[in-house]
Protein chains: 2
Amino acid sequence: MATTNYSRQREAIVNYLRSTTCHPTADTIYENIKKTYPKISLGTVYRNLNLLTAQGVILRLSCDDNKDHYDATTEPHHHFFCRCCKEVSDLPVKPFEPATLLGEASFSGRIESCFTYFQGVCPDCMNEEETV
Amino acid sequence: MATTNYSRQREAIVNYLRSTTCHPTADTIYENIKKTYPKISLGTVYRNLNLLTAQGVILRLSCDDNKDHYDATTEPHHHFFCRCCKEVSDLPVKPFEPATLLGEASFSGRIESCFTYFQGVCPDCMNEEETV
DNA sequence: CTAAAATTAGGAATCATTACTATAATTAGA
DNA sequence: TCTAATTATAGTAATGATTCCTAATTTTAG
């Protein structure tokens, strides 16, 4: 079985994700890591994002823009997706337990995670609507 | 402003979506509509799915498989995504209102919709795990 | 220091989705 | 019903996100 070696590029990816409050896409992460490691390749970013997601170090978020977003905060929390600027942000609320959300439903599968997201227009984009 | 004309292909797409309990992808829809309209093109399927989504006739679901899934049931309900077979199913529970889920959080944007999904292993795939 | 194993850069390939265009279907009105 | 304008379609090319491949580099254990 393959073990996991250290890599500077992977460390930089995690550090970058932990340093930002938004939930960037692979391409945004790539552009930012390039400032420190100009020769990093996009394939490396994707491979490490997949690895870190599999390890549970980061979360992959599927939104409505057909691009994966990544989040270094792994404790359960809500997300808000703006349909104008396509950015994802956190909502500062402690979510309900999956069992509470499921209610009385009988489900014979295995539930491993549960994720609520809100969609609409973010404060910034609402301001732009008004001024136009 | 462009008006919308009737089209048999679009009607077939809606009928197919309403006839199935799973939430198929564009490609699956395409393969099924082809049984009735062998000459339908994939572009037509995508264009109509986008139109129907914009009209609110159907819902587009973003899951973890980088493919959009479509759902003809537009009343709020929960979804379950199986990480093994990548299928999406409905959970028969009446969801909480967005306001309840948001709790006491102050959010100055506009929330238009809210969507909870559960992830894990579906009953069928759990059976396969056991027998292997 | 060295050799084996893991990771990388770079680029090609894949897959879902969108864009383009000439032809066909739909619709409103005579 | 016939016709002309409009809208939708089929087929194909293009796009964009993600994955795959391989030789070269980095990491690691001894």
Side-chain angles (χ1 to χ4, degrees), chain A residues 1-17 23-55 57-71 81 83 86-88, chain B residues 1-17 23-55 57-71 81 83 86-88:
Chain A
M1 187 186 304
T3 56
T4 304
N5 277 359
Y6 169 84
S7 102
R8 309 176 211 174
Q9 289 89 335
R10 188 182 313 132
E11 183 176 54
I13 289 169
V14 175
N15 285 343
Y16 171 65
L17 273 178
H23 304 319
T25 61
D27 197 63
T28 305
I29 295 166
Y30 171 64
E31 292 300 330
N32 273 276
I33 303 293
K34 261 208 294 203
K35 294 172 188 167
T36 317
Y37 295 95
K39 300 195 75 181
I40 197 172
S41 89
L42 191 51
T44 296
V45 173
Y46 274 104
R47 185 167 24 76
N48 279 302
L49 289 172
N50 285 338
L51 178 61
L52 292 165
T53 301
Q55 293 177 335
V57 176
I58 63 175
L59 291 180
R60 192 202 315 275
L61 310 176
S62 297
C63 303
D64 259 9
D65 62 351
N66 283 327
K67 297 181 207 176
D68 288 338
H69 293 247
Y70 294 89
D71 185 351
F81 178 72
R83 66 169 163 80
K86 315 288 187 193
E87 297 226 343
V88 185
Chain B
M1 188 184 306
T3 55
T4 305
N5 278 0
Y6 170 83
S7 103
R8 309 175 211 174
Q9 290 89 336
R10 187 183 312 131
E11 183 175 54
I13 290 169
V14 175
N15 286 344
Y16 171 65
L17 273 178
H23 305 318
T25 61
D27 196 63
T28 304
I29 296 167
Y30 171 63
E31 292 300 331
N32 272 277
I33 304 293
K34 260 207 296 201
K35 294 172 186 167
T36 317
Y37 295 95
K39 300 195 73 178
I40 197 172
S41 88
L42 190 52
T44 297
V45 173
Y46 274 104
R47 186 169 21 76
N48 279 303
L49 288 172
N50 284 338
L51 179 62
L52 293 165
T53 301
Q55 292 175 336
V57 177
I58 63 175
L59 291 181
R60 193 202 315 274
L61 311 176
S62 297
C63 304
D64 259 10
D65 61 350
N66 284 327
K67 297 182 207 173
D68 287 338
H69 293 246
Y70 293 90
D71 185 351
F81 178 72
R83 67 172 162 79
K86 313 289 187 193
E87 296 226 342
V88 184

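Quick note on labels: first sequence line is chain A, next is B, and so on, each numbered from 1.
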Gap separating the [atom1] atom of [X] from the [atom2] atom of [Y], nearest 0.5 angstrom:
X	Y	atom1	atom2	answer
B:N48	B:Q9	CG	CD	7.5 Å
B:L52	B:R60	CG	CZ	10.5 Å
B:K86	B:K67	NZ	NZ	9.0 Å
B:T25	B:N66	OG1	CG	12.5 Å
B:T28	B:E87	OG1	CD	8.0 Å

Between protein and nucleic acid, restricted to nucleotides 18-24 of chain C and to nitrogen or oxygen atoms under 3.5 Å apart, what atom pairs and distances do you find?
{"unit_1": "C:dT18", "atom_1": "OP2", "unit_2": "B:N50", "atom_2": "ND2", "d": "3.2"}

Report the nucleotide, chosen from [options], that has the shortest atom-to-atom distance to any side-chain atom of [X].
X	options	result
B:R10	C:dG10, D:dA8, D:dT18	D:dA8
A:S41	C:dA9, D:dA10, D:dT18	C:dA9
A:D68	C:dA16, C:dA9, D:dT18	D:dT18
A:A26	D:dT7, D:dT18, D:dA10	D:dT18

Pick the closest DNA chain C nucleotide for A:K39 and for B:T25 by heavy atoms, then say which residue is nearer the 5' end.
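Upstream on the strand: A:K39.
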
With sequence neighbours excluded, residues passing side-chain hydrogen bond (donor to acceptor under 3.5 Å, both in side chains) with [X]:
X	answer
A:R8	none
B:Y16	B:N32
A:N15	none
A:D68	none

In whole angstrom, what separates [X]'s [atom1] from [N]'s [atom2]?
X	N	atom1	atom2	result
B:N48	D:dT7	CG	C1'	12 Å
A:I40	C:dG11	CD1	P	15 Å
B:D65	D:dT19	CG	C1'	15 Å
B:I29	C:dT17	CD1	C1'	13 Å
A:Y37	C:dT8	OH	C1'	13 Å
B:Y30	D:dT12	OH	C1'	12 Å
A:H69	D:dA17	NE2	P	11 Å
B:D64	C:dA16	CG	P	16 Å

Check whether any side-chain N or O of A:Q9 sits under 4.0 Å from OP1 or OP2 of D:dT26, and answer yes or no.
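No.
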
Polar atom pairs (N or O), protein with nucleotides 26-28 of chain C, under 3.5 Å:
{"unit_1": "C:dT26", "atom_1": "OP1", "unit_2": "B:R8", "atom_2": "NE", "d": "3.3"}
{"unit_1": "C:dT27", "atom_1": "OP1", "unit_2": "B:Y6", "atom_2": "N", "d": "3.2"}

Closer to the 5' end of DNA chain D via nearest nucleotide, is it B:T44 or A:T44?
B:T44

Sole residue of B:L49, B:I13, B:L51 in side chain to side chain contact (heavy atoms under 4.5 Å, CB included) with B:I58
B:L49

